[in-house]
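Structure record follows, encoded as structure tokens.
Being a predicted model, the structure only gives us computed values, none of them experimental. Basis for what follows: all heavy atoms, side chains included, without hydrogens, waters or symmetry-related copies. Read the numbers this way: they start at 1 and go in the same order the structure lists the ligands and their atoms.
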Amino acid sequence: MKTIIEPFRIKSVEPIRMTTRAEREQCIEQAHYNLFNLHADDVLIDLLTDSGTSSMSARQWGGVMEGNEAYAGSPSFYRFEKAVKDLMPFKYLVPTHQGRAAENILFTVVLKEGACVPNNTHFDTTRANVEAQGAEAIDLVIPEGLDPDSEHPFKGNMDIGALEQFIEQHGVQNIPMCMITVTNNSGGGQPVSMENIRATRAVCDRYGIPLFIDACRFAENAWFIKTREPGYADKSVREIVQEMFSYADGCTMSAKKDALVNMGGWLAMNNEDWAVECRNRLILTEGFATYGGLSGRDLEAIAIGLDEVVDEDYLRYRIASTAYVAEHLAAEGVPTMRPAGGHAVYIDARRFAPHIPPLQYPGQSLAVELYKHGGIRGCEIGTAMFGLRPDGTEVAANLDLVRLAIPRRTYTQSQMDYVVEVVHEVFDQRADLRGMKFTRQPRALRHFTGHFDYVD
Ligand SMILES: *Cc1c(COP(=O)(O)O)cnc(C)c1O
């Protein structure tokens, strides 16, 4: 059978309020053409992020009822701990309310001013938390990872030669840890191969540098290893995940991604001294060691989510559903980043609307039009997000993209067919897209709260 179906049926539904183009034009104007300012119930298909937007299963909702809310020693914590350690067998586990809290605790303990952390690509909160310690976040993804047309099967890989060179140049004493992000979020969820994780480990071993995995999309990464890397086709996803983490000394995790819940995260490691300090920090900022920033019911839902996310029928459907959108867009000539990643499809807005110069934000213009035309909310990742420099001048970002991130188990194939149709229709009328400008922009993170309008 060619068709890969959703391996679940729907038991509980959340209505979508249908809107007309005229209503949406009014909504987006009132939102100053910033999609972050929209009310979510004015959106038909919300592809802003895959973070915290998963649908939980009936089993997880059942687990919510079983959650035990004891302050210390909750059985829900021990079920959570067992589920995590079955996949990621680190000695010490610290639950947090989300991924960035895990990052903040880890970096507060491990990094000093002037330290450097290499990573294939830091996610934005990871970079911000490294920099908050006065340390430097270095991205060392392979060159193919920066080329939107490269069909390399593991575009998230660390550039091993560049990593060695970086360590030689900056000195081991300035590099307290190395990280590798699976999948590489910033490139649309491009995977990292097992061979590359192993090679990164070997470099770290040679210099005595601990390796941490930013694990947010570990299951999607494992599926790519299983289906693309020689030697892994017959291994179970669970075995592949266990092997991935066997090369690391610890991990940070946002449970809002591959733990199939709406809130949660953790930090795990083998180093006892660090773990003791992290727990002290946890108690100061998040909560006691057996709940962190979470309720017992959240821990219960994570434990079940971790069992469901490594299910092969789920992962086959998940990765196929992202590729489905990418392939159908490409079939009509819509320029996208190749190949499709795990959790998102990126439209190359600069090539979609070449008549709009980068400093007039072609990505923002396209994202606004997708909303007006079909009620779809994507996210500009380009010059509006990255173009403003600290000295107030502006440059074009490397790429002007619109990201369509796909929530897990949330939308059906017909809803994705609708998304494809909307993009195709906007593509047919792409000559009508107009450049935009900021009418109000804060000095930092202007894409979140800035106001836009059309140029003239
Ligand atoms: C989402 C994410 C984080 C941060 O997690 P939050 O739960 O949003 O704080 C860190 N790294 C990566 C790769 C992510 O995708």
Lys/Arg N to Asp/Glu carboxylate O, [X] vs [Y], below 4.0 Å:
| X | Y | result |
| --- | --- | --- |
| Asp258 | Arg408 | yes |
| Glu308 | Arg409 | yes |
| Asp124 | Arg127 | no |
| Asp50 | Lys256 | no |

Can you list the steps and then say if Asp214 with Ile180 is a side chain to side chain contact (heavy atoms under 4.5 Å, CB included)?
CA-CA 6 Å; Asp214 180 336; Ile180 194 158; over 6 Å; no

Distances under 3.5 Å, N/O of ligand 1 against N/O of the protein: list each pair and its distance.
from     : atom 1 : to     : atom 2 : distance (Å)
ligand 1 : 7 (O)  : Gln98  : NE2    : 3.4
ligand 1 : 7 (O)  : Gly99  : N      : 2.9
ligand 1 : 7 (O)  : Ser254 : OG     : 2.7
ligand 1 : 8 (O)  : Gln98  : NE2    : 3.4
ligand 1 : 8 (O)  : Arg100 : NH2    : 3.0
ligand 1 : 9 (O)  : Gln98  : NE2    : 2.9
ligand 1 : 9 (O)  : Gly99  : N      : 3.3
ligand 1 : 9 (O)  : Arg100 : N      : 2.8
ligand 1 : 9 (O)  : Arg100 : NE     : 2.7
ligand 1 : 11 (N) : Asp214 : OD1    : 3.3
ligand 1 : 11 (N) : Asp214 : OD2    : 2.7
ligand 1 : 15 (O) : Asn185 : ND2    : 2.9
ligand 1 : 15 (O) : Arg217 : NH1    : 2.9
ligand 1 : 15 (O) : Lys257 : NZ     : 2.7

List in chain and number order the residues that pass side-chain contact (heavy atoms from CB on, under 4.5 Å) with Ala162, two or more places apart in sequence or in another chain; answer none if no residue qualifies.
Leu140, Asp159

